[in-house]
Amino acid sequence: MDYVKKMTAKLIHDALVSMNMNAPPDTAMITDTLEYPPSPENGDLAFPCFRLSKALRKAPAVIARDIKENLKTCGIIEKAEVAGGYLNFFFDRSEFLRIMLQEILKKGESYGSSEEGHGKTVVIDYSSPNVAKPFHIGHLGTTVIGHSIKKLHEFSGYKCIGVNHLGDWGTQFGKLIVAYRKWGDEQTVINIGIDELVRLYVRFHSEAEADPSLNDLARREFTKLENGDPENRKLWKWFIDISLNEYKKTYAQLGIEFDSYRGESFYYDKVPAVLEKMKERGILKTDDGATMIDLEEYGMPPCLVLKSDGSTLYPARDIAAAIYRMETYNFDKCIYVTDAGQSLYFRQWFKVISLMDYDWEDRLVHVPYGKVSIGGEKLATRTGNVILLKDLFRIAIEKVSSIIDEKNPGLENKAEAAEAVGVGAIVFHYLSGGRIKNIDFTIEDALSFDGNTGPYAQYTYARTCSILSKLDGDQSYRSGTDNILNTADEEFELIKILSLFPEKVKAALDGYEPSLITRYIFEVATVFNRFYHNCQVLGAKESAVRNTRLMLTEATGHVLKSAFGLICMKAPEKI
Ligand code: ARG
């Protein structure tokens, strides 16, 4: 659409010049003001003339009429009509189809991508679960929103580094070490994996309620770990490996890979140098033994960096990590994706970065998302009100498998397809609403496959593949781009929605809002299915019509596949 918008803007610009307007807006400005009329009777693009009123000292409707009278002809615009203060443009539909199909088919899966971020580097810190704690539905947000934000940046030409800032340091390891020595054994941990670690951790908490001295013991074990005690180090490393192993299975199901797994532990020994710098700047304060940076002046509680026992705190490690990442990657942006509960926390330490006289606080971006509850209740590991991601995915995959068994028993790669669709259903469901909205998650909703769902979208993609596969590799339909003919409204409706993909990518990127892509996918799927229902594709008699429709089918496939990739959804060709 970009090209068509620019052409239309150029026509408007030239008309304003021939109207002798003094300093008319340039084509880029006009392009930005062009709007999509809400209904087709008002044309395909509209130019609002209100803002020109002052400069031209005429009523907007008069300006619209004057522009229309001075408009040169051009292939793409069939006619222009004045409606109030707007000048509405109607495309020559066949010409529009020709221009857009040519562009989409030429670019294929890169259609919608851009070079906007060329030469820029973005670090995206996402997922980042706390080791030895269950990986549950509460982590789905950071994982899929984070990954989608990464994909949107990559698609827009940025160099991206996806970082899993594992929660692999902190007093919880002291607790786990104590619990493992008291109640655990090696073989059970090997056999059961992370669930056993979680069980031990939960047991620690309940036992410590009765016997608080366990907490002191845990603190001592953690200090030993910090001081490099070899036994504790070995256990700690082992707990991490077991947890990571488990997380990686879930990441694989989502098609996610990280560029770095440097977690909190990587930074704790970098904290002293950071504290030194803070001291030089005169911003460190001790209160009740703890070390902190006072932020009262900025209306925020203090940012704590060291406990009274001298161990490093979460913010200290984040500050050290940001400095390390700046030194290592020289990022233009470092994006943190966490739930909105951590918003204040990020504002606090972002401020500390500038108090340390670094000039890149504005390159740090926190992208928050809404909280998840289940059945109206807060998530809570201890009461069991959690849904583990692995269970959720398993249930979804089982449901899809049984549907496939029933509807398409002969399908090859059944297991692969069931995984792609089952996991895709959950992701699509999760990313359907704006990210900041709180979500009350229920398995029933996530696995209801009616209407606006991942399976519906994936099924539509598979349909485009199936139509094209009937041609047995014959691609002659693509060679007839000057032979394109519009004969049905549905074709035009479809190409119009496909033409919007680059703008949707840009909007999702700028707003850190994957749901714009999810919603767009649903629109494309709906419009394609209407087209498919009402227009014969393979069976079309006239060759120009058949070619046009096949090209539309291929173009839809490219757009859907690319869009799925942007939201962590796989695109099986057969379901
Ligand atoms: N591990 C943290 C948690 O589970 C999230 C880490 C987010 N990233 C960061 N750099 N603080 O809450």
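Start at 1 and go down the list; that is how both ligands and their atoms are numbered.
- Note: H205 and Y201 have perpendicular aromatic rings, judged against thresholds of 30 and 60 degrees for the angle between ring planes.
- Protein residues are said to neighbour a ligand when one of their heavy atoms lies under 4.0 Å from it; for ligand 1 these are D125, S128, N130, H165, Y314, D318, Y336, T338, Q342, F346.
- Not a single ring-ring contact (aromatic ring centres under 6.0 Å, His included) links F393 to another residue, sequence neighbours left out.
- In this pair, F155 and F501 present their aromatic rings tilted. The plane angle is within the 30 to 60° band.
- The aromatic ring centres of F258 and Y251 sit less than 6.0 Å apart.
- Aromatic ring centres of F173 and F222: separated by at least 6.0 Å.
- Between Y298 and Q348, the side chains place no donor N or O within less than 3.5 Å of an acceptor N or O (distance only, hydrogens not considered).
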